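See structure below.
Heavy-atom basis, side chains included; hydrogens, waters and symmetry copies ignored. Every value quoted in this text rests on a predicted model; they were computed, and no experiment measured them.
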Amino acid sequence: MTTLLVIAKEPRAGRVKTRLTPPFTPAQAAALAEASLADTLHTVAAAPATRRVLVLDGAPGPWLPSGFDVVPQCAGGLDERLAAAFAACAGPALLIGMDTPQVTPALLDVRLAPGEAVLGPAPDGGFWALGLASPAPAALLHGVPMSTATTGAVLRARLLAAGLRVRDLPPLRDVDTAADAHAVAGEAPRSRFAARLASCAPAVPA
């Protein structure tokens with residue numbers, strides 16, 4: 001079995017989903033982030049795992065279901081924070097973020113063989129999931145440029161250079177922009193995220 005890690009920010013206005021403003025207000029963007037995080041955590045809670053860990057920047061709120069260990073993110077860049085999250089795991093671990101509310105328990109039911117990694121690519125060139133059977137996170141993650149069109153490619157090259165077999169998960173779209181929000185809500189129409197989006201004013205991006 002695998003440890004499931006979720007790395008997230010507390011959904012506070014002005015701190016999360018800033019690329020959604022405009023067309024949404026900071027409060028609406030934070031509400032969408034909260035719904036996305038809640039969907040993600042409830043999906044993780046329904047997936048098989050040895051342990052479920054929320055690696056959090058901020059404080060937990062009513063959106064957190066039971067069954068999670070909550071640990072603070074370390075200081076540093078995202079590459080360092082991801083590496084630290086893996087370093088705290090004793091065995092196989094799969095890490096996802098809070099930006100894919102359309103994720104399902106089946107997608108997270110990942111078995112990692114020795115010498116294997118799994119990577120969930122995102123259409124923007126990043127990744128939505130990373131799984132490592134025997135984490136050596138500093139060597140694999142430190143220095144990988146985050147939030148760029150080449151992030152996924154650089155990370156894949158690191159994994160292969162370390163001699164790992166890389167298995168791909170299906171691609172999922174992150175919610176970064178208003179266009180992403182509407183597309184993802186269409187993929188998960190019964191999600192908390194889709195309901196929250198429907199309650200927000202403006203809408204449909206050009």
Side-chain angles (χ1 to χ4, degrees), residues 1-9 37 39-57 64-174:
M1 295 283 280
T2 302
T3 295
L4 294 179
L5 302 163
V6 180
I7 189 161
K9 284 185 179 180
L37 178 55
D39 281 328
T40 301
L41 293 173
H42 280 82
T43 296
V44 169
T50 52
R51 185 182 177 213
R52 298 170 183 86
V53 182
L54 174 62
V55 187
L56 184 63
D57 176 1
L64 177 64
S66 61
F68 282 81
D69 297 329
V70 180
V71 300
Q73 290 185 29
C74 72
L78 181 56
D79 57 331
E80 296 168 292
R81 287 178 277 139
L82 295 179
F86 276 110
C89 297
L94 177 71
L95 180 144
I96 66 171
M98 61 184 284
D99 300 333
T100 51
Q102 74 276 43
V103 71
T104 65
L107 287 174
L108 302 180
D109 188 6
V110 172
R111 301 294 192 273
L112 288 152
E116 185 177 55
V118 297
L119 190 62
D124 63 3
F127 62 95
W128 67 269
L130 173 63
L132 299 172
S134 303
L140 295 172
L141 286 161
H142 283 183
V144 172
M146 295 291 163
S147 302
T148 76
T150 62
T151 296
V154 172
L155 178 56
R156 183 184 299 277
R158 285 278 188 96
L159 298 172
L160 293 172
L164 300 177
R165 299 184 304 277
V166 180
R167 178 160 52 95
D168 278 354
L169 297 176
L172 290 183
R173 183 170 181 164
D174 292 330

**Asked** Going through the distances and angles, do Val53 and Val71 end up as a side-chain contact (heavy atoms from CB on, under 4.5 Å)?
**Response** CA-CA 7 Å; Val53 182; Val71 300; 3.8 Å; yes
**Request:** Go through Leu172 and Gln102 one step at a time and tell me if the side-chain contact (heavy atoms from CB on, under 4.5 Å) criterion holds.
**Result:** CA-CA 8 Å; Leu172 290 183; Gln102 74 276 43; 4.0 Å; yes
**Message:** Please determine whether side-chain contact (heavy atoms from CB on, under 4.5 Å) holds for the pair Val110 and Leu169, giving the CA-CA distance in whole Å, both sets of side-chain angles, and the decisive distance to 0.1 Å.
**Reply:** CA-CA 9 Å; Val110 172; Leu169 297 176; 4.0 Å; yes
**CA sep, side-chain torsions, deciding dist, call: Thr151, Val144, side-chain contact (heavy atoms from CB on, under 4.5 Å)** = CA-CA 7 Å; Thr151 296; Val144 172; 4.3 Å; yes
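Pro114 and Ala133 get closest at one heavy-atom pair: CA-CB, 4.3 Å. Here the closest heavy-atom approach between residue Arg173 and residue Pro123 is recorded as CA-CD, 3.8 Å. Across every non-hydrogen atom of Gly97 and Val6, the tightest pair is O-CG1, 4.0 Å. Scanning both residues, Leu112 and Ala93, for their nearest heavy atoms gives CD1-O, 3.7 Å.
Note that CG of Leu78 is 4.0 Å distant from CG of Leu82, once rounded to the nearest 0.5 Å. Taking CG of Leu4 as the start and CG of Leu41 as the end, the distance is 11.0 Å to the nearest 0.5 Å. Trp128 contributes atom CH2, which lies 5.0 Å from atom CG of Leu107 (distance to the nearest 0.5 angstrom). Rounded to the nearest 0.5 Å, atoms CG (Asp79) and CG (Leu140) are 12.0 Å apart. Between atom CZ of residue Arg81 and atom CG of residue Leu95 there is a gap of 11.5 Å, rounded to the nearest 0.5 Å. How far NZ of Lys9 is from CG of Leu56: 11.0 Å, rounded to the nearest 0.5 Å.
No donor-acceptor distance shorter than 3.5 angstrom exists from the side chain of Arg51 to the backbone of Leu5, with no hydrogens or angles considered. A donor-acceptor contact shorter than 3.5 Å is absent between the side chain of Arg52 and the backbone of Gly67.
Counting only heavy atoms from C-beta outward, the side chains of Leu108 and Val103 approach each other to under 4.5 Å. Here the side chains of Arg156 and Leu119 are in contact, with some heavy-atom distance below 4.5 Å. Looking at heavy atoms from C-beta onward, Thr3 lies out of side-chain contact with Pro92 at the 4.5 angstrom threshold. Side-chain contact check for Val55 versus Val70: every heavy-atom pair is 4.5 Å or farther apart. In this structure, the side chains of Ile7 and Gln73 come closer than 4.5 Å at one or more pairs of heavy atoms. Side-chain contact between Leu160 and Val166 is present, with heavy atoms from C-beta onward closer than 4.5 Å. Side-chain contact check for Glu116 versus Leu164: every heavy-atom pair is 4.5 Å or farther apart. Taking 4.5 Å as the limit, some side-chain heavy atom of Leu159 sits within range of a side-chain heavy atom of Leu130.
The side-chain contact (heavy atoms from CB on, under 4.5 Å) check on Asp124 picks up Ala122, Asp174, Asp176, with sequence neighbours excluded.
Thr40 and Thr43 share no side-chain donor-acceptor pair at under 3.5 Å.
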